[in-house]
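Sharing a structure below in structure tokens format, with a few things to ask.
Chain A is the first sequence line, chain B the second, and so forth, proteins listed ahead of strands; every chain is numbered from 1. Below, each value reflects all heavy atoms present in this structure, side chains not excepted, and no hydrogens, waters or symmetry copies.
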Amino acid sequence: GAGVSQSPSNKVTEKGKDVELRCDPISGHTALYWYRQSLGQGLEFLIYFQGNSAPDKSGLPSDRFSAERTGGSVSTLTIQRTQQEDSAVYLCASSLIMGVVFGPGTRLTVL
Amino acid sequence: AQKITQTQPGMFVQEKEAVTLDCTYDTSDPSYGLFWYKQPSSGEMIFLIYQGSYDQQNATEGRYSLNFQKARKSANLVISASQLGDSAMYFCAMREPPDKLIFGTGTRLQVFP
């Protein structure tokens, strides 16, 4: 596709359940980023992948969060045992050299 | 330590006037890039402008220009001839090697008639 896509666009889950958020980057983009944005707040860096290098996981808030990127393309962010404070918009972005393009985000609500 | 600092949580500007949104950054790497994004109430992140650390001239994109002062480590966004549709959150970001992209806390701009 022409842009970064994310699915689902909205996810409502119960506290304690696991969720998976998917990101399809722009084809050929080697870098992929995940951010979290709570209501009215800035973008909190979570993790990024660059080519075949080991991902930078320094922003993951706890061991309940993990992410993988298969075949250098699609990425999945997994949150285990969700908590109410995990409620936020999760944004994915991809980049080749200069431009960093964002997806529309997944709004996660944990009840 | 904050890598990207936006000191203005909110700004107001009258339509057709120019406005400057401040951004300072902190890095010891000589190679880095600076970005500005606009986030309207719809939530999408819209890329506005980019400045590379080695670029000799200030970046411009239409009504947007970046006032890059390397020695001061500032990268302020200037919006000329403000329009009502410019009302949004504006985020400054820095990318430093290998490729980590860090954002500031944002500035909410409101344009009034």
More than 12 heavy atoms of other groups within 6.0 Å of Phe12(B) CZ: no
hydrophobic_cluster_shared for Tyr50(B) and Tyr48(A), side chain cutoff 4.5 Å: yes
Shared hydrophobic cluster for Val13(B) and Leu84(B) (ILVMFWY, side-chain gaps under 4.5 Å): yes
Value rounded to 0.5 Å, distance of CD1 in Ile102(B) from OH in Tyr35(A): 6.0 Å
Min side-chain heavy-atom separation Phe47(B)-Val100(A) under 4.5 Å: no
Pairwise side-chain contact, Phe45(A) with Lys3(B), heavy-atom cut-off 4.5 Å (strictly under): no
Which atoms of Ser58(A) approach chain B - backbone, side chain, both or neither, heavy atom under 4.5 Å: side chain
Cluster link Trp34(A) to Met45(B), ILVMFWY, side chain under 4.5 Å: no
CG/Leu39(A): more than 12 non-hydrogen atoms of other groups inside 6.0 Å: no
Top contributor to chain A contacts, counting heavy-atom pairs under 4.5 Å, from Gln39(B), Glu44(B), Lys100(B), Arg108(B): Lys100(B)
Beyond-backbone contact of Tyr37(B) with Phe102(A), side-chain heavy atoms, under 4.5 angstrom: yes
Part of Gln6(B) lying under 4.5 Å from any heavy atom of chain A: neither
Cluster link Tyr33(A) to Phe49(A), ILVMFWY, side chain under 4.5 Å: no
Any Phe91(B) side-chain heavy atom under 4.5 Å of Leu43(A) side chain: yes
Hydrophobic cluster identity match, Val19(A) and Leu91(A), side-chain contacts under 4.5 Å: no
Beyond-backbone contact of Gln41(A) with Thr105(B), side-chain heavy atoms, under 4.5 angstrom: no
